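What you see is a predicted model; the values in this text were computed from it and never measured. Naming: A, B, ... by sequence-line order, numbering from 1 per chain.
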2 protein chains.
Amino acid sequence: MGIAEEAFERLRRIVVEGEFLERMAALGVRTQLSPGLIKTLVRLSQSGGISMGEMARNIGVDPSYITALVDDLAERDLARREPDPVDRRVKIVVLTDEGRRLAEEIQAVLSVPPASFGVLTRSEMRQLRDLMDKVIAADPALSGPPSPSGRKLVDSG
Amino acid sequence: MGIAEEAFERLRRIVVEGEFLERMAALGVRTQLSPGLIKTLVRLSQSGGISMGEMARNIGVDPSYITALVDDLAERDLARREPDPVDRRVKIVVLTDEGRRLAEEIQAVLSVPPASFGVLTRSEMRQLRDLMDKVIAADPALSGPPSPSGRKLVDSG
DNA sequence: TATTGTTATACTCTATAACTATA
DNA sequence: TATAGTTATAGAGTATAACAATA
């Protein structure tokens with residue numbers, strides 16, 4: 001196993017096997033939102049208004065399931081459909097104020113590092129963040145910022 | 001957002017939003033194994049022989065579902081139940097040779113870093129790995145090695 | 001004719017409750 | 001009586017196929 005593999009294997013274990021998973025589960029319980037709904041909400045808050053189809057490609061599920069997902073969010077008053085001004089087939093999904101608030105709350109929770117991160121010094125954390133930024137910048141699917149600055153799609157599928 | 005949050009938020013994005021997810025999906029398609037089965041297989045190869053109940057606690061699902069999971073693995077000749085020598089209620093699940101082979105193959109795939117890791121220099125990758133090791137060592141749920149060296153459970157839940 | 005979204009439906013994943021065997 | 005595992009069943013989560021409206 002090369003160094004890159006070793007490094008990534010650690011990364012993966014920390015995220016998918018560590019304390020983080022429990023936190024996701026707890027988040028689901030507290031918000032009463034399924035993983036799919038949480039993902040949808042977060043992506044919506046990153047893109048600030050995308051069509052049903054874009055969303056389907058974006059989070060990698062079938063369009064018919066987006067209908068169900070958005071129905072669900074709409075029933076909870078977290079999102080709503082708006083007509084596209086130029087193509088009447090298209091519906092744009094936008095977050096309500098409450099949806100945006102909840103999405104931000106969720107993202108905050110997701111960003112809280114596991115307690116074990118406490119062993120790193122500030123300088124090590126900076127190092128880590130900079131390394132991660134370099135990797136993210138090199139991944140076209142990730143390099144769009146999480147702030148609502150516009151598009152950022154897998155799209156080319 | 002502090003530096004720790006920034007660092008972890010990047011980590012999380014790389015693993016859960018990047019190329020890695022597609023790879024997991026592709027793995028599922030190729031092996032015809034559901035995420036639950038893959039997780040079970042990998043955990044089994046890490047512990048080399050645990051009871052149904054331990055497994056349920058270990059991967060965090062209901063015991064009844066472990067029955068279904070192991071039934072499925074057994075049908076595919078990837079695992080089998082063996083009687084516990086001291087408690088006749090207990091069944092020990094062990095991988096077959098083919099199961100072990102497949103589990104190793106899966107772990108190898110999971111460890112392949114995304115292409116974007118290529119932007120890191122060797123020294124940066126070493127830095128990254130060492131930082132991750134430090135974090136893992138501080139997380140009691142993670143600090144058991146993935147090699148088949150015995151137990152390693154969440155257990156205290 | 002092709003595309004966006006929806007509906008109806010079915011299949012997969014997972015949990016709850018009741019049960020059997022053993023302790 | 002309590003615990004390990006199983007069975008039967010029900011509920012989420014998600015996809016496929018057929019459809020309506022618009023392009």
[X] side chain to [Y] backbone, donor-acceptor under 3.5 Å:
| X | Y | answer |
| --- | --- | --- |
| A:Glu82 | A:Val94 | no |
| A:Arg13 | B:Ile136 | no |
| A:Ser51 | A:Lys91 | no |
| B:Gln107 | B:Glu104 | no |

>> What I want to find out is whether B:Glu105 reaches B:Arg101 closely enough, with some N-O distance under 4.0 Å, to be called a salt bridge.
In response: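 Salt bridge present between B:Glu105 and B:Arg101.
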Atom pair distance, as rounded to whole Å: [atom1] in [X] and [atom2] in [N]:
| X | N | atom1 | atom2 | answer |
| --- | --- | --- | --- | --- |
| B:Met55 | C:dT14 | CE | P | 13 Å |
| B:Leu37 | C:dT12 | CG | P | 12 Å |
| A:Lys39 | D:dT14 | NZ | P | 8 Å |
| A:Ile38 | D:dA12 | CD1 | C1' | 14 Å |
| A:Gln32 | D:dA12 | CD | C1' | 13 Å |
| B:Ile50 | D:dG5 | CD1 | C1' | 14 Å |

> Could you go step by step and tell me if B:Arg76 and B:Asp72 meet the salt bridge (charged side-chain N to carboxylate O under 4.0 Å, His left out) rule?
Replying inline: CA-CA 7 Å; B:Arg76 299 165 193 255; B:Asp72 199 330; 2.7 Å; yes
> For the atom pair CG (A:Leu120) and CD1 (B:Ile3), what is the distance rounded to the nearest 0.5 Å?
Replying inline: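 Between A:Leu120 CG and B:Ile3 CD1, I get 11.5 Å after rounding to 0.5 Å.
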> So how far is it from B:Asp62 CG to B:Leu69 CG, rounded to the nearest 0.5 Å?
Replying inline: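 One finds 11.5 Å between CG of B:Asp62 and CG of B:Leu69.
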Could you list the protein-to-nucleotides 15-17 of chain C atom pairs, N/O on both sides, closer than 3.5 Å?
| from | atom 1 | to | atom 2 | distance (Å) |
| --- | --- | --- | --- | --- |
| C:dA15 | OP2 | B:Asp62 | N | 3.0 |
| C:dT16 | O4 | B:Ser64 | OG | 2.7 |

> Can you list, by residue number, the residues of residues 66-89 of chain A that have a non-hydrogen atom closer than 4.0 angstrom to DNA chain C?
Replying inline: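 Nucleic-acid contacts, sorted: A:Thr67, A:Arg81, A:Arg89.
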